[in-house]
Amino acid sequence: MPRSDTADLSAALNPWFAHAARPLPWRAAEVSPWAVLVSEFMLQQTQVARVVPRWEAWIARWPTAAALAAEPPAEAVRAWDRLGYPRRALWLHRAAVEVVERHGGEVPSALDDLLALQGVGPYTARAVAAFAFGMRHPVVDTNTRRVIARATLGQAEPGPPSAARDIATMSALLPESDAAARVFNAAAMELGATVCTARSPRCDVCPIATACAWRGAGHPSYAGPRRAVQSRFAGSDRQVRGLVMRELRAAHRPVPRDELDAVWSDAAQLARALAGLVDDGLAVAGDDGALALPDA
DNA sequence: CAGTCGTGGAA
DNA sequence: TTTCCAAGACT
C-alpha cells in the first residue's frame, strides 16, 4: 500500500547518506557478519569514537566466532578493557560459543536465530540481519527514534522506548527494496548521530529539514513523559563494580580479598558489588575468598 | 514496566 | 563543575 508524503523520508535521506556517511570500519564491504556482530555489541550504549580502536583490536585477535569461543571468557573481559558494561564482553563470548554450537561457526541471518543469542536483543538482531546480510528489517536505535519523533511526530524527543511500537513505526517508513531499506536504516541512525543530535541539532545542514514536522512547528519543547533519570554514578554500586573489574583485569591471577577491600571503604557496598559480579559471572570466587575473572 | 548495569565525551 | 546521554539487554 502507498505511504504518505511525510513517510517518504528516504528520498532525501538516502542520497545524503551516500556522501555524508562516516567511513566506519565495520561498514567496509569485506567485513564479515561476525565483525558486524562484534561492532553492534560494542556500540550498545557506547559512542562510536570509543568503539573503533577496541573493535579493530578485537577483530584482529578474534577474526571469527570460533576463535573467540576457543578462549576463556576471561580473555574477552580483559580485551573489552574499559568500554563499559563488561557483561557485554561475557555475553559476546557466550554468543560466540552459541554460534559455534548451533550454527557451525557462522553467524545466522534469521531474526529468530539472532535473537536467541546471548546479549542480542531487538536492536542488535535487526542491525545484524540488515547490515551484515542485507535483509529488509526495520532497525531502530536511539538515534532513529529521535529522528522519527522530530521529523514525523513534530516532537523534540521520542516518548519512552517500546520495541514493538518503534519497530512498527519504522516498518511503515521503510522503502520497498532491500537495498533502499538497508540504506535508509543506516541513514536514519547516521542523521541522528551526526546532525539530528539530542543536545544541539544542526537543522541548518539537515537533508530533511524542509520535511521536518518539528522544525515546521517552530521547534516546540518537549512536554511528554521524560525518560527516567539515570542515577548518579559517583558513589554508586556501578562505580564500585567498575573499580573491582579494573583490578581483576589487571591481575593475571586471583586477587586476594584484602586487596579488594582496598578499592572501596564502604564494606557493605563493596560486598554487594562483589556478590553482584559473581552472580553475573564476571568474577569467580575461590575457597579463600579471592576473586578472579572466569576461566570457563 | 522500571531498575540496573560502565565509562567517558560533549554541552 | 555538573549534567546529559550514548548504535541496549536483561531481570
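So you know, we letter chains A, B, ... as the sequences are listed, proteins then strands, and number each from 1.
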**Report entry** Pairwise P distance for C/dA7 and B/dT4, with rounding to whole Å
**Finding:** 23 Å

Requested in this report: Could you work out the separation of C/dT11 and B/dG6 based on their P atoms and round it to a whole Å?
Outcome: 14 Å

Query - A/Arg146 and A/Asn143 side chains, donor-acceptor separation under 3.5 Å - result: yes

Query raised in the report: Of A/Arg249 and A/Ser231, whose closest DNA chain B nucleotide lies nearer the 5' terminus?
Result: A/Ser231

Query - Position toward the 5' end of DNA chain B (nearest nucleotide), A/Pro161 or A/Ser200 - result: A/Pro161

Report task. Using a 4.0 Å cut-off on protein heavy atoms (strictly under), produce a 5'-to-3' string for nucleotides 2-11 of chain C with B for base contact, S for backbone-only sugar-phosphate contact, and - for none. Result -> -BBBBBBSS-

Between [atom2] of [N] and [atom1] of [X], the distance in whole Å:
{"X": "A/Arg78", "N": "B/dG6", "atom1": "CZ", "atom2": "P", "result": "17 Å"}
{"X": "A/Arg241", "N": "B/dT7", "atom1": "CZ", "atom2": "C1'", "result": "14 Å"}
{"X": "A/Asp81", "N": "B/dG6", "atom1": "CG", "atom2": "P", "result": "14 Å"}
{"X": "A/Phe233", "N": "B/dT4", "atom1": "CZ", "atom2": "P", "result": "15 Å"}
{"X": "A/Asp279", "N": "B/dC5", "atom1": "CG", "atom2": "C1'", "result": "13 Å"}
{"X": "A/Trp264", "N": "B/dG6", "atom1": "CH2", "atom2": "P", "result": "14 Å"}
{"X": "A/Asp237", "N": "B/dT7", "atom1": "CG", "atom2": "P", "result": "13 Å"}

Requested in this report: Provide the full list of ring pair (Phe, Tyr, Trp, His ring centres under 6.0 Å) pairs with a residue in residues 232-286 of chain A, sequence neighbours left out, each pair given once.
Outcome: none

Report task. Scan A/Pro86 against the nucleic acid and name what it touches under 4.0 Å (heavy atoms): base, sugar-phosphate only, or nothing. Result -> sugar-phosphate

Query - A/Pro138: partners by side chain to side chain contact (heavy atoms under 4.5 Å, CB included), with sequence neighbours left out - result: A/Ile167, A/Met170, A/Ser171, A/Leu174

Report summary line: Across all chains, not counting sequence neighbours, the side chain to side chain contact (heavy atoms under 4.5 Å, CB included) partners of A/Pro207 are A/Leu13, A/Trp16, A/Leu191

Query raised in the report: Is the shortest heavy-atom distance from the side chain of A/Val52 to the side chain of A/Pro25 under 4.5 Å?
Result: yes

Query raised in the report: Partners of A/Asp237 by salt bridge (charged side-chain N to carboxylate O under 4.0 Å, His left out), sequence neighbours excluded?
Result: A/Arg272

Query raised in the report: Which residues satisfy the ring-ring contact (aromatic ring centres under 6.0 Å, His included) test with A/Trp55, sequence neighbours excluded?
Result: A/Trp26

